[in-house]
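All remarks here apply to the structure that follows.
This is a predicted model, so every value here is computed, not measured.
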Amino acid sequence: MKNNWPLWEVFVRSKNGLEHRHFGSLHAADAEMALENARDVYTRRNEGVSIWVVESKHITASNPDDNGEFFEPAQDKVYRHPTFYDLPDEVKHM
Amino acid sequence: MSEKEVKNLEEIFEQKIARDEKIEPKDWMPEKYRQTHIRQISQHAHSEIVGMLPEGNWITRAPSLRRKVALLAKVQDEAGHGLYLYSACETLGVSREELYDQLHSGKAKYSSIFNYPTITWADIGAIGWLVDGAAIINQVPLCSTSYGPYARAMIRVCKEESFHQRQGFEIMMTLANGTPEQKEMAQDALNRWWWPSLMMLGPTDAESIHTEQSMKWKLKRKTNDELRQQFIDQTVPQADLIGLTIPDPDLKWNEERGSYDFGEIDWDEFWQVVKGHGPCNRERMNARVSAWEEGTWVRDAAMAYAKKQEDKKLKQAI
Ligand SMILES: [Fe+2]
Ligand SMILES: [Fe+2]
């Protein structure tokens, strides 16, 4: 019987105040086992205070081949940056 | 894609690496890059996993609780290293099952050093000190390799390795300062592990087929011979410090080079072990394969349980 455990992605918050960050992946039969495996594989030295696991197949990723057009809309919007605005030198704290 | 288009993509790709930009899993990459990385990362993962076997041999017989918890933690780390690396390797589009298959069928290699036996407690000291020591020298440059998931895995691995080496050296130091029998045991372990550790850093540059391409892709940042010299230069003073003798009559400080000259390595032995004729090749593979096969029912049961729980949840929802 071919019964391979599915792949899960692991996200860990290293301490409160920080976001969860992708740490890697692992195989587990279900979510509970994925959490416990993630604890043993990725937080053996207090690297985390919170773990998220999500089955890899549920992640939709953008395709880097399309990066040009996909991220293009942000490219010509210089007015979104503070340096776009010309102010006299006398203006302080801005 | 036409040949010209591929060539163009390859050029952009090589420039990216030259600029120290990382390659991530979904980025376009030449097929050879993918295959070379699958080979190297999986070999590396297999080595971590098989590397647990010689040390696991001594967990139940460690001489004190302090030594036992440390060894247990070290071996557990090696399992973790294997898992970080398998997971990095899988991002290249190969499945875990295929990787295990390659190991179990003998198609994939693992570091030949793990085909030597651990016959005394001092071997555990020698492995931590020398084998993990050589591994660190090999691995540190890989923290800045070009493939993102591999580089990130290596950063985690390197952070954890230093305790491995220190616990090994502490074992050797304690034995070397102990009774004459204990010191002899330490010396004997050094005698047996020294040369295999030098071999672990790979064939000489003249014999090494992958070096040039690997340098370009930052899979290698120093040649095998450079790494070996670095290992020898840092290890000899450590042996001196605890009063053990490196088993090499030709070992001599070379003032001019600022490095140690050393004796001829027996490469025939190395190739024999690589080809499967080392003292424990068969034993290691048997242990791996039977652990995998005898664990089948556990993996199946876990999946059956997961499915049952899932079905239950669905029923309740209706
Ligand atoms: Fe390791
Ligand atoms: Fe290690």
| task | Mind listing the closest non-hydrogen atom pair of A:Ser62 and A:Phe70 along with its distance? | result | CB-CE2, 4.0 Å
| field | Distance-only side-chain donor-acceptor flag, B:Gln167 / B:Trp129, under 3.5 Å | value | no
| task | Please determine which of A:Val12, A:Leu26, A:Asn37, A:Val10 meets the side-chain contact (heavy atoms from CB on, under 4.5 Å) test together with A:Val53. | result | A:Val10
Given heavy-atom pairs under 4.5 angstrom as the criterion, report whether the side chain, backbone, both or neither of [X] touches chain A.
X        : answer
B:Gln76  : both
B:Tyr86  : neither
B:Glu90  : side chain
B:Tyr100 : neither
B:Arg156 : side chain

| Test: B:Lys307 and B:Asp311 ion pair at under 4.0 Å | yes
| Taking the side chain from B:Ser146 and the backbone from B:Ile17, do they hold a donor-acceptor pair closer than 3.5 Å? | no
Quick check on [X] against chain B: is it the side chain, the backbone, both or neither that has a heavy atom closer than 4.5 Å?
X       : value
A:Ala31 : neither
A:Ser56 : neither
A:Glu32 : neither

| request: Specify which of B:Lys159, B:Glu160, B:His81 makes the most heavy-atom pairs with chain A at under 4.5 Å. | output: B:Glu160
| task | Before giving the answer on side chain to side chain donor-acceptor pair (under 3.5 Å), spell out for B:His46 and B:Gln102 the whole-Å C-alpha distance, their side-chain angles and the decisive distance to 0.1 Å. | result | CA-CA 10 Å; B:His46 299 328; B:Gln102 291 170 0; 5.0 Å; no
| task | For chain B, find which of A:Pro6, A:Gly24, A:Ala61, A:Ala28 contributes the most heavy-atom pairs closer than 4.5 angstrom. | result | A:Ala61
| task | Using the six-membered ring of B:Trp292, assess whether NZ or CZ of B:Arg299 lies under 6.0 Å from its centre and within 45 degrees of the ring axis. | result | yes
